[in-house]
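Some notes on the structure that comes next.
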Amino acid sequence: QVQLVESGGGLVQAGGSLRLSCAASGRTYSINATGWYRQAPGKQRELVARITWGGSTNYAESVKGRFTISRDNAKNRVYLQMNSVKPEDTAVYYCNAETLYITWGQGTQVTVSS
């Protein structure tokens with residue numbers, strides 16, 4: 001099993017930056033890909049960014065060019081660098097890990113003020 005804990009959320013002004021972190025523990029060697037998702041009130045959870053074991057990435061069109069996903073395998077962490085944030089980025093952000101199953105973290109709130 002894999003366990004995930006997100007951190008780094010908070011309040012940030014539009015145009016600013018924020019860095020989210022996800023710490024993984026357990027059977028981390030079995031992780032094939034990790035990703036960041038977000039869910040705003042009244043909306044479905046959506047993909048923000050994803051990175052595979054081989055390093056391939058994909059992003060939601062709405063964050064492309066502004067957000068960057070990265071990982072540090074030695075520290076068992078995955079990061080989401082959020083630059084030029086917009087009020088529309090306000091949501092609860094979740095990380096996940098893909099093995100034979102999909103594991104989710106508890107989420108961290110990001111609020112962007114204008």
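Remember, it's a predicted structure, so these values are computed and weren't measured experimentally. Quick note: numbers below take in every heavy atom, side chains included, and nothing from hydrogens, waters or symmetry partners.
- Legend: residues meeting ring-ring contact (aromatic ring centres under 6.0 Å, His included) with Trp104, ordered by chain and number and at least two apart, are Tyr37.
- Rounded to the nearest 0.5 Å, atoms NZ (Lys64) and OG1 (Thr57) are 9.5 Å apart.
- Cluster annotation: Val12 is connected to Leu80 through the hydrophobic network of ILVMFWY side chains, with a link wherever side-chain heavy atoms come within less than 4.5 Å.
- Between Leu4 and Ala97 the shortest heavy-atom distance is CD1-N, 3.6 Å.
- Counting heavy atoms from C-beta on, the side chains of Tyr93 and Glu6 never come closer than 4.5 Å.
- Tyr79 and Ile51 fall into different hydrophobic clusters, where Ile, Leu, Val, Met, Phe, Trp and Tyr side chains are chained together by heavy-atom contacts under 4.5 Å.
- A 4.5 Å side-chain heavy-atom check between Met82 and Arg66 finds every atom pair outside the cut-off.
- Of all the heavy atoms in Asp89 and Val63, the pair that sits closest is OD1-CG1, 4.5 Å.
- In terms of hydrophobic clustering, with Ile, Leu, Val, Met, Phe, Trp and Tyr side chains grouped at heavy-atom distances under 4.5 Å, Tyr59 and Val85 are assigned to a common cluster.
- Ile31 and Val78 sit in two unconnected hydrophobic clusters of ILVMFWY residues. Membership requires side-chain heavy atoms under 4.5 Å apart, directly or through other members.
- Side-chain contact between Ser30 and Val2: present, with at least one pair of heavy atoms (C-beta onward) separated by less than 4.5 Å.
- Atom-to-atom distance recorded for Asn32:CG and Leu100:CG is 8.0 Å, nearest 0.5 angstrom.
- More than 12 heavy atoms of other residues, nucleotides or ligands shown are found within 6.0 angstrom of CD on Gln81.
- Scanning all heavy atoms of the two residues, the minimum distance from Ser114 to Pro87 falls at CB-CG, 4.1 Å.
- Interatomic distance, OG1 of Thr108 versus CZ of Arg38, reported as 14.0 Å (0.5 Å rounding).
- In this structure the side chain of Thr90 reaches within 4.5 angstrom of the side chain of Gln109, judged on heavy atoms.
- The OG1 atom of Thr103 sits 8.0 Å away from atom CG of Asn96, with the distance rounded to the nearest 0.5 Å.
- Put simply, CD on Gln39 and OH on Tyr94 are 5.5 Å apart, with the number rounded to the nearest 0.5 Å.
- Residues Leu47 and Ile102 are members of one and the same hydrophobic cluster, defined by side-chain heavy-atom contacts under 4.5 angstrom among Ile, Leu, Val, Met, Phe, Trp and Tyr.
- Contact between Gly9 and Leu18 at its shortest, heavy atoms only, is CA-CD2, 4.3 Å.
- In this structure, Trp36 CH2 and Thr68 OG1 are separated by 13.5 Å, a value rounded to the nearest 0.5 Å.
- When all heavy atoms of Arg71 and Gly55 are compared, the pair lying nearest together is NH2-N, 3.5 Å.
- Closest approach of Ser17 and Asn83 over heavy atoms only: OG-OD1, 2.9 Å.
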